[in-house]
Structure formats: C-alpha cells, structure tokens
Amino acid sequence: MSTSSYVLLTILLAGFSMWLAKVLPFLLLKKFTLPKWALEYLSFVPLTIMSALWFSQLFEQHLGHLPSLNWENLLASLPTLLAAIFSKDLLVTVIVGIISLACLRFGFF
C-alpha cells in the first residue's frame, strides 16, 4: 500500500469514527428515554466544557513558574460574561466575545 493511499484510508477511517461517535448517541437516545437524574446530570456538561475552555485560555503557562493571567483574554471575558448573563443566548455570547477580543487586539480600547 502506497503512502498516499494509507494516509487517505487513515483520514477516511478517522472521519468515520468521529462521525459515528457523534451520531450514534443521537440515534440511541432517539429510541430510549433517559431517567430524570441522568438528564439533570447531563445538563451540566455544556457549562463544564465552556468553563474548562475559558480557564484554559485565561492563564498562560510558563515552565518552572506559576501560571500568569492572560490580560487580553480576561478583559475580553468581562463583556462576554455580561452578555451571557443578560442574554442567556450562546450565539450572542460568542459574538460579543469575538467582537470584544477583536477590539482589544486591534487597539480600539
């Protein structure tokens, strides 16, 4: 097997496995209903993922030293958090975050 066909096969199989991992739970949950405790537990997953992503970008790692704050991301987080609290809409939150970070990077503030 040549290298290019091996790479193509690897990409196709990885794509199929990713698709299967994302589609299979939806197909299974369409036929079954989860108990109330499981739905309540799973309701915290988006908040946990967003918090982990936020904290990972809020600090900069320096080998051999304590992490330091990424001030640019912290300042962009403030209007984003306010938008999330007041709008409770993910799209609005993402747009405000992108605009606030862009304004900071381009020096509008």
- [ ] Using salt bridge (Lys or Arg N to Asp or Glu O under 4.0 Å) as the criterion, list what pairs up with E60, not counting sequence neighbours.
- [x]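 E60 satisfies salt bridge (Lys or Arg N to Asp or Glu O under 4.0 Å) with no other residue.
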
Calculate, to the nearest 0.5 Å, the distance between atoms [atom1] and [atom2] belonging to [X] and [Y] respectively.
X    : Y   : atom1 : atom2 : answer
N70  : S77 : CG    : OG    : 9.0 Å
L28  : L34 : CG    : CG    : 10.0 Å
L104 : I99 : CG    : CD1   : 12.0 Å
L58  : W71 : CG    : CH2   : 9.5 Å

Task: Same apolar cluster (I L V M F W Y, side chains within < 4.5 Å links), L66/F59 - done: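 The answer is no; the residues belong to distinct hydrophobic clusters.
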
With a 3.5 Å cut-off and sequence neighbours excluded, list the donor-acceptor pairs that the side chains of residues 79-91 form with protein atoms.
unit_1: T80; atom_1: OG1; unit_2: A76; atom_2: O; d: 2.7
unit_1: S87; atom_1: OG; unit_2: A83; atom_2: O; d: 2.6
unit_1: S87; atom_1: OG; unit_2: D89; atom_2: N; d: 3.2
unit_1: K88; atom_1: NZ; unit_2: I85; atom_2: O; d: 3.0
unit_1: D89; atom_1: OD1; unit_2: L91; atom_2: N; d: 3.4

Task: Enclosure of H65 NE2 (heavy-atom neighbours >12, cutoff 6.0 Å) - done: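 Result for NE2/H65: open.
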
- [ ] Measure the shortest side-chain to side-chain distance between I11 and V7 over non-hydrogen atoms and say whether it is less than 4.5 angstrom.
- [x]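 Yes, their side chains come closer than 4.5 Å.
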
TODO: Search all heavy atoms of R105 against all heavy atoms of N73 and return the closest pair with its distance.
DONE: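 R105 and N73 have their closest heavy atoms at NH2-OD1, 4.5 Å.
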
TODO: Identify the heavy atoms of E72 and L101 that sit nearest to each other, and give their distance.
DONE: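 The pair with the smallest heavy-atom distance is CG-CD1, 3.8 Å.
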
For residues 38-50, which side-chain donor-acceptor pairs fall under 3.5 Å, sequence neighbours excluded?
unit_1: S43; atom_1: OG; unit_2: E40; atom_2: O; d: 2.6
unit_1: T48; atom_1: OG1; unit_2: F44; atom_2: O; d: 2.7

TODO: Mind running side chain to side chain contact (heavy atoms under 4.5 Å, CB included) on L8 and L12 for me, showing each step along the way?
DONE: CA-CA 6 Å; L8 179 63; L12 290 174; 4.1 Å; yes

